[in-house]
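Reviewing the structure listed below.
Residues take their numbers from the sequence shown, with the count starting at 1.
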Amino acid sequence: MNILQSALEQVSFFTIPQVTVKDMLDILIVTVGIYKIIIWIKDTRTWALFKGIIMILTAAILSYLLELHTISFIVSNTLTAGTIAVLILFQPELRRALEQLGQGNLWGSTGGGVLNDKDMQELSDSSVLSIVKATRIMSNVKTGALIVIEGTTLLEEYKRTGIPINAVITQQLLVNIFEKNTPLHDGAVIISKNRIHSATCFLPLSSNLNISKELGTRHRAAIGVTEETDAVVVVVSEETGAISYVRNGRIKRDIDSESLEKLLTTSKRTRSKTLTFWRKSR
């Protein structure tokens with residue numbers, strides 16, 4: 001009898017719980033909510049900060065499993081103030097998300113963060129040549145320019161600060177945009193999906209104190225956006241006409257057109273490999 005009773009208890013333990021329509025609806029809402037939050041994070045520079053948090057949590061789990069007491073103590077105390085730190089770091093993104101939620105645009109806007117094959121177009125050879133030619137022309141006449149080439153990190157928050165263009169990349173258009181005393185010359189041009197997406201965009205200034213005092217606002221903005229994203233920026237100095245190439249917060253100053261073309265081509269190949277990996281991993 002005891003054996004039979006024990007067997008019945010084991011069977012009852014593995015009994016599948018009854019799932020109602022309300023349970024399915026509950027799971028569906030939570031799943032969609034989590035999915036939209038992930039897409040929203042991926043669509044902004046919050047993704048880089050989010051990866052940093054994941055690394056801290058991973059370190060906390062490993063230190064606990066391996067009984068690394070010193071690391072556990074440091075990580076646990078770090079996580080204690082983590083909630084406040086997250087709110088401070090994500091404040092602009094959280095505010096924008098709440099504004100979109102209040103306007104009823106959160107679900108629609110985050111859906112645009114899903115990259116498809118059409119969106120993931122790397123810079124073409126003709127586009128690189130057009131950028132190089134336009135840069136050389138502006139350098140010769142000392143026309144200031146700030147050209148941002150979007151990478152895998154979307155630049156939506158910076159695009160929204162400018163005027164939409166959505167045009168094919170040509171040297172004539174780039175030169176005309178940055179022509180002095182024209183409505184679009186002030187600010188940055190953002191190139192996305194192998195097209196000129198917008199102009200007169202505002203970029204974050206770098207707070208790096210080691211930047212040369214010779215560099216002005218245009219160069220600091222170029223360094224600033226590459227510190228926060230994987231974008232590539234081409235700068236033409238209005239004072240000297242010097243061409244600069246900026247990536248990962250590092251600047252190559254006073255380069256010629258041939259060097260710029262090589263750097264942009266190398267960057268294009270690297271992005272192409274990254275996008276190919278993205279497609280395969282989906």
Keeping [X] on the side-chain end and [Y] on the backbone end, is there a donor-acceptor pair under 3.5 Å?
{"X": "Asp254", "Y": "Ala242", "answer": "no"}
{"X": "Thr226", "Y": "Ala222", "answer": "yes"}
{"X": "Thr161", "Y": "Tyr158", "answer": "yes"}
{"X": "Ser259", "Y": "Ile255", "answer": "no"}
{"X": "Asn208", "Y": "Asn210", "answer": "yes"}

Acceptor/donor pairs from residues 132-140 side chains to any protein atom, 3.5 angstrom cut, sequence neighbours excluded:
{"from": "Thr135", "atom 1": "OG1", "to": "Ile131", "atom 2": "O", "distance (Å)": "2.6"}
{"from": "Ser139", "atom 1": "OG", "to": "Gly241", "atom 2": "O", "distance (Å)": "2.4"}
{"from": "Asn140", "atom 1": "ND2", "to": "Arg136", "atom 2": "O", "distance (Å)": "3.2"}

Treat each ILVMFWY residue as a node, draw an edge where side-chain heavy atoms are under 4.5 Å apart, and state whether [X] and [Y] are in one component.
{"X": "Ile251", "Y": "Leu205", "value": "no"}
{"X": "Phe202", "Y": "Ile196", "value": "no"}
{"X": "Leu129", "Y": "Val236", "value": "no"}
{"X": "Val141", "Y": "Ile243", "value": "no"}

At their closest point, which heavy atom of [X] faces which heavy atom of [Y], and how far apart are they?
{"X": "Ile177", "Y": "Thr182", "value": "O-OG1, 3.5 Å"}
{"X": "Cys201", "Y": "Gly162", "value": "SG-CA, 3.8 Å"}
{"X": "Leu174", "Y": "Ser130", "value": "CD1-O, 4.3 Å"}

- Residue list, side-chain contact (heavy atoms from CB on, under 4.5 Å) with Arg218, at least two apart or on another chain: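 With sequence neighbours excluded, Arg218 shows a side-chain contact (heavy atoms from CB on, under 4.5 Å) to Leu146, Val235, Glu238, given in chain and number order.
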Rounded to the nearest 0.5 Å, what separation is found between the [atom1] atom of [X] and the [atom2] atom of [Y]?
{"X": "Asp26", "Y": "Thr31", "atom1": "CG", "atom2": "OG1", "answer": "9.0 Å"}
{"X": "His197", "Y": "Ile149", "atom1": "NE2", "atom2": "CD1", "answer": "15.0 Å"}
{"X": "Leu264", "Y": "Ser127", "atom1": "CG", "atom2": "OG", "answer": "10.5 Å"}
{"X": "Ile223", "Y": "Leu215", "atom1": "CD1", "atom2": "CG", "answer": "5.5 Å"}

Are any non-hydrogen side-chain atoms of [X] and [Y] less than 4.5 angstrom apart?
{"X": "Arg250", "Y": "Arg247", "result": "no"}
{"X": "Val232", "Y": "Val148", "result": "no"}
{"X": "Val189", "Y": "Ser198", "result": "no"}
{"X": "Glu179", "Y": "Leu184", "result": "no"}
{"X": "Met24", "Y": "Ile27", "result": "no"}
{"X": "Tyr245", "Y": "Val233", "result": "no"}

- Item | salt_bridge(Lys193, Glu150) N-O dist < 4.0 Å |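 So Lys193 does not pair with Glu150 through a salt bridge.
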- Item | Lys159 versus Ser192, side-chain donor and acceptor atoms under 3.5 Å |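 Looking only at side-chain atoms, Lys159 and Ser192 do form a donor-acceptor pair, the distance falling under 3.5 Å.
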- Message: Looking only at the side chains, is there a donor atom on one of Thr200 and Asp186 sitting less than 3.5 Å from an acceptor on the other?
- Response: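 Short answer, no.
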Expected list for residues 164-171: side-chain donor-acceptor pairs under 3.5 angstrom, two or more places apart:
{"from": "Asn166", "atom 1": "OD1", "to": "Arg195", "atom 2": "NE", "distance (Å)": "2.9"}
{"from": "Thr170", "atom 1": "OG1", "to": "Leu173", "atom 2": "N", "distance (Å)": "3.2"}

- Candidates His219, Arg220, Glu227 - the one meeting side-chain hydrogen bond (donor to acceptor under 3.5 Å, both in side chains) with Ser206: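 Looking at His219, Arg220, Glu227, the match for Ser206 under the side-chain hydrogen bond (donor to acceptor under 3.5 Å, both in side chains) is Glu227.
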